[in-house]
Visitor: 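This is the structure, below, for whatever I ask next.
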Amino acid sequence: MENKTNGLSIGGMVVGIISLLVSFIPCIGVLGGLIGVVGLILSIIGYRSAKDTGGPTTMAIVGIVLSALAIIIALAWGTFMSRASNNATTPLEIETCEEVLAEMKKTAREMKVLKDKGDDAGFGDISVIINSTRLIAIQKAAEEMSCNNDPEFKVKMDEFAKEIED
């Protein structure tokens, strides 16, 4: 009896490979998770079919593993995107222009710590991006309170900008 590989195992593996590749692409990596779900389903059905007929199950197992990895990576991207979005859109508890300046200094210090850690910072650039979205929210609060119209605030912001450059 000839052991033929079934089409679902091959399809599941191919879709698993594609989903894994797509899951690494920034911003659309979440789509890789959706494709990974399809690959996972195909691979599981292919595995069961191959096992029932006594055929090889290797391709189905590879499809299951690759699809699962793609789903995990897509979940990580989704978590990152959600967190970055929350940082940019969450209203801040800032009531004065002095608090705006204090928040900017705090966020800039956090970003400097990440930059100084270099490659050992864990998420590295991702963490910097998340903190950058926080700076955007702080700047939005400053605009809403018309801090930029205050000459004293402008002077303090210029001094802060010089500190950052050094």
Visitor: Under the side-chain contact (heavy atoms from CB on, under 4.5 Å) rule, collect the residues that match up with M59, sequence neighbours excluded.
Guide: T5, S9, I10, M13
Visitor: Scan the side chains in residues 32-41 for donor-acceptor partners under 3.5 Å anywhere in the protein, sequence neighbours excluded, and list what turns up.
Guide:
none

Visitor: Calculate, to the nearest 0.5 Å, the distance between atoms CG and CZ belonging to L69 and F24 respectively.
Guide: 7.5 Å
Visitor: Does the side chain of N6 come within less than 4.5 Å of T53's, by heavy atoms?
Guide: no
Visitor: Calculate, to the nearest 0.5 Å, the distance between atoms SG and NZ belonging to C97 and K154 respectively.
Guide: 12.0 Å
Visitor: With a 4.5 Å cut-off on side-chain heavy atoms, are V100 and E103 touching?
Guide: no
Visitor: Taking atom CD1 of I72 and atom CG of L75, what is their separation to the nearest 0.5 Å?
Guide: 7.5 Å
Visitor: Keeping T96 on the side-chain end and E99 on the backbone end, is there a donor-acceptor pair under 3.5 Å?
Guide: yes
Visitor: From L42 CG over to S49 OG, what is the distance, rounded to the nearest 0.5 angstrom?
Guide: 12.0 Å
Visitor: Roughly how far, to the nearest 0.5 Å, is the CE atom of M157 from the CD atom of E159?
Guide: 11.0 Å
Visitor: Hydrophobic cluster membership, with links at side-chain heavy-atom distances under 4.5 Å among I/L/V/M/F/W/Y: are I73 and I25 in one?
Guide: no
Visitor: Rounded to the nearest 0.5 Å, how far apart are CD1 of I71 and OG of S19?
Guide: 7.0 Å
Visitor: Do you know which two heavy atoms are closest between G29 and A74, and how far apart they sit?
Guide: O-CB, 3.4 Å
Visitor: Going only through I, L, V, M, F, W and Y residues with side-chain contacts under 4.5 Å, is there a path from V62 to L21?
Guide: yes
Visitor: If every non-hydrogen atom of G16 is compared with every non-hydrogen atom of S67, which pair is closest and at what distance?
Guide: CA-OG, 3.4 Å
Visitor: Same cluster or not: I28 versus I18, using hydrophobic residues (I, L, V, M, F, W, Y) connected whenever any side-chain heavy atoms lie under 4.5 Å apart?
Guide: no
Visitor: Between W77 (side chain) and S23 (backbone), is there a donor-acceptor pair under 3.5 Å?
Guide: yes
